[in-house]
Structures are given as structure tokens and as C-alpha cells.
Amino acid sequence: MEENTVAIEKGLELETVVLQNIDFAENIGAFREVAKQFEELMMMYNSAIREVRTKLEVLNDEFQVKRSHNPIAYIKYRVKKPASIIEKLQRRGYPVTLQSVEENLHDVAGIRVICSYVQDIYMVADMLTSQNDITVLQIKDYIANPKPNGYRSLHLVVQIPVFFSDGCKPLKVEVQIRTIAMDFWASLEHQLKYKTDGPVSDEIAQELKECSDVIAGTDLRMQNIYNTLKKTE
Ligand code: 0O2
């Protein structure tokens, strides 16, 4: 029982699936080994997040000193929970193994960068992706092309080399960059989706979309105010 608790704390939902129908007591050795490997992989993703965060914080500090402007208001980050990792692998029909996590998922390590203004989003993205140890694997611009429901954000998947005691490992990190206003909408829309069992009614969906459009308009106006004041400085 105690082993089981330890196993679950270490994210062993993954192994429960991998080893399903196999007696736990008889396979405690294998169970422990996979738990250790899973913990190691999550440590690596956490390290990759730290590397990218540091890059972003350095850029923000430099801007504050040189231009008296912080393009980044704040940064949130997370490593995907074991249950979400399994759910996503199963939903997409991939094997539930550690190798499959690395090969098939690009959002195990996730960073959300919240900017004050829309122009800051593209500036931060450019400054990050032009660094020569960063490889850009994917860009999805949901600002230029918002999702039909009104979701707006710039999504990047980047790969960064992280140095460990036994060598260097390239790791993927998903970076979502959005304004405070876009984040406000996305956070509430996410919460509202979880509050309903099925899909929301057309009426509510339309209401949410309209809120998103109003917010996008406000973002634009705030950007214009900022640019006007900047010119007169
Ligand atoms: P969580 O808990 O935020 O991680 P991919 O996940 O990239 O393989 P997909 O669906 O093409 O597949 O990804 P996409 O469109 O780049 O979006 C992935 C993430 O963006 C989501 O992660 C959300 O964080 C965010 N997102 C995308 N669409 C919406 C939306 O309509 N509303 C809100 N609130 N957020 C959205 P996860 O895995 O869903 O969740």
C-alpha cells in the first residue's frame, strides 16, 4: 500500500496503464524502475522550462534597463500532469510509454508568457526564436488567425538543448504568448468549459466569441495609446 502511494505521487498513473493487468506485487521492481525513469524525464522537462524562462527574464530585464519598458508582464509555467499526459496519448492513439511521451507530445513542458501589448508578443517571440540555441519546431498564430471560438494567442514549440551530467539533451517546450486581455478571456473560457458537461449552447458560444472580439479591439486601442504616448516622450 505504501509503495503504491509513493508510486502515485511520482506520477505512476502512467505505469498503471503501461503495466495494466500485471500483478503489482509481482512487478514491483519494474514498477519502480519506470517510476524512476518518469521522474527523471519530468525533471528534464522542468530544466528545459527553467532554461527558456531564464532567456525570457533576461530579455525583459534588458528592455527595462535600455528602454524603460517591460514587454513581459508575467510568466506562468507547468509540467503537464501524468493523468493529462496519458489522456492525450490515448486520445491520439499513441502508445502510453515514456518514449512515446518524448516523441509524440510537444506540450509536456509549457510556458505562458503574458505581455502588456500585442506588439510585445511578436517582439518577444522574435527575440526568443532568433537565439541560436533555439530551434523552432512549430508556430501557430491564433492572433492573426483566431480560433472560431475567439481564442487568441501565439503558440510556439521550440527545442532547447539542456546540459546534464551525462551529456546534452534537446527538449521541447511549448511557449504560449498572449496579452493580459487574451489571457483573461482564455482563462475564463477554459473555466467555463469545465463547468459544463457537454458543449456549450450556440448562444453562449456566440457570447464568448463576441467578448473575445471586444477584448481584441481593446487590445488594439491600448496599443495605439501606448504608441502615441511613446512618440511624444
Ligand atoms: P493545457 O491544460 O492548457 O495544456 P497540441 O496540444 O498542440 O498537440 P492542438 O489542439 O492543435 O494540439 O494545440 P493548440 O491548438 O496549439 O492548443 C493547445 C493549447 O492551447 C491548449 O492546451 C490550451 O492551453 C490552449 N488552447 C487552445 N485552444 C484553446 C481554446 O479554445 N480555449 C482556451 N482557453 N485555451 C485553448 P491543452 O492541452 O488543451 O490544455
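Note that ligands are numbered from 1 as they come in the structure, with each ligand's atoms numbered from 1 the same way. In this chain, numbering begins with 1 at the start of the sequence shown.
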Quiz item: Starting from atom 9 (P) of ligand 1, which protein heavy atom do you reach first, and at what distance in Å?
Solution: Lys140 NZ, 3.6 Å

Quiz prompt | Met222 atom CE, over 12 foreign heavy atoms within 6.0 Å | solution = no

Quiz item: Any idea which part of Gln191 is under 4.0 Å from ligand 1, heavy-atom wise: side chain, backbone, both or neither?
Solution: neither

Practice problem: Give a yes or no on this: more than 12 heavy atoms of other residues, nucleotides or ligands lie within 6.0 Å of atom CZ of Phe164. | Solution: yes

Self-check item: Protein heavy atom under 4.0 Å of atom 13 (O) of ligand 1
Solution: yes

Practice problem: Indicate whether any N or O donor in one side chain lies under 3.5 Å from an N or O acceptor in the other, for Gln223 and Asn227. | Solution: yes

Quiz item: Is it the side chain, the backbone, both or neither of Arg92 that has a heavy atom closer than 4.0 Å to ligand 1?
Solution: side chain

Exercise. Name the closest protein heavy atom to atom 18 (C) of ligand 1, giving the residue it belongs to and the distance to 0.1 Å.
Key: His155 CE1, 4.0 Å

Quiz prompt | Contact partition for Val157 relative to ligand 1, non-hydrogen atoms under 4.0 Å | solution = neither

Practice problem: For the pair His69 and Tyr226, name the ring-plane relationship: parallel under 30°, tilted 30 to 60°, perpendicular over 60°. | Solution: tilted

Quiz item: Hey, is atom 26 (N) of ligand 1 under 4.0 Å from any protein heavy atom?
Solution: yes

Self-check item: From Asp219, Asn145, Asp213, Ile215, residue fulfilling side-chain contact (heavy atoms from CB on, under 4.5 Å) relative to Arg152
Solution: Asp213

Exercise. Check for a donor-acceptor pair, side chain of Trp185 on one end and backbone N or O of Leu208 on the other, with a separation under 3.5 Å.
Key: yes

Practice problem: Report yes if Gln176 has an N/O atom closer than 3.5 Å to an N/O atom of ligand 1; otherwise report no. | Solution: yes

Quiz item: Starting from atom 28 (N) of ligand 1, which protein heavy atom do you reach first, and at what distance in Å?
Solution: Lys147 NZ, 2.9 Å

Quiz prompt | Side-chain donor-acceptor pair present, Arg178, Tyr151, cut-off under 3.5 Å | solution = yes

Quiz prompt | Protein residue, atom and distance nearest to atom 35 (N) of ligand 1, heavy-atom basis | solution = Tyr151 CE1, 3.3 Å

Quiz item: Looking at atom 2 (O) of ligand 1, would you say a protein heavy atom lies below 4.0 Å from it?
Solution: no

Exercise. I would like to know whether Asp141 and Tyr122 meet side-chain hydrogen bond (donor to acceptor under 3.5 Å, both in side chains); could you show each step before the answer?
Key: CA-CA 10 Å; Asp141 189 345; Tyr122 293 101; 2.9 Å; yes

Quiz item: How close does the nearest protein non-hydrogen atom get to atom 40 (O) of ligand 1, and which residue and atom is it?
Solution: Lys80 NZ, 4.6 Å

Quiz item: So with a 6.0 Å cut-off around NZ of Lys230, is the heavy-atom count from everything else above 12?
Solution: yes

Quiz item: Which protein heavy atom lies closest to atom 5 (P) of ligand 1, and at what distance to 0.1 Å?
Solution: Lys88 NZ, 3.4 Å

Exercise. List the closest protein heavy-atom neighbour of atom 31 (O) of ligand 1: residue, atom name, distance to the nearest 0.1 Å.
Key: Asn149 ND2, 2.7 Å

Practice problem: Could you tell me whether Gln138 and ligand 1 have an N or O pair separated by under 3.5 Å? | Solution: no

Quiz item: Which heavy atom of the protein is the closest neighbour of atom 15 (O) of ligand 1, given with residue, atom name and distance?
Solution: Tyr142 OH, 2.7 Å

Quiz item: At a non-hydrogen distance cut-off of under 4.0 Å, which region of Arg152 contacts ligand 1 (side chain, backbone, both, or neither)?
Solution: neither

Quiz item: Take atom CD in Glu207; do more than 12 heavy atoms of anything else shown fall under 6.0 Å from it?
Solution: no

Self-check item: Verify atom 37 (P) of ligand 1: protein non-hydrogen atom under 4.0 angstrom away
Solution: no

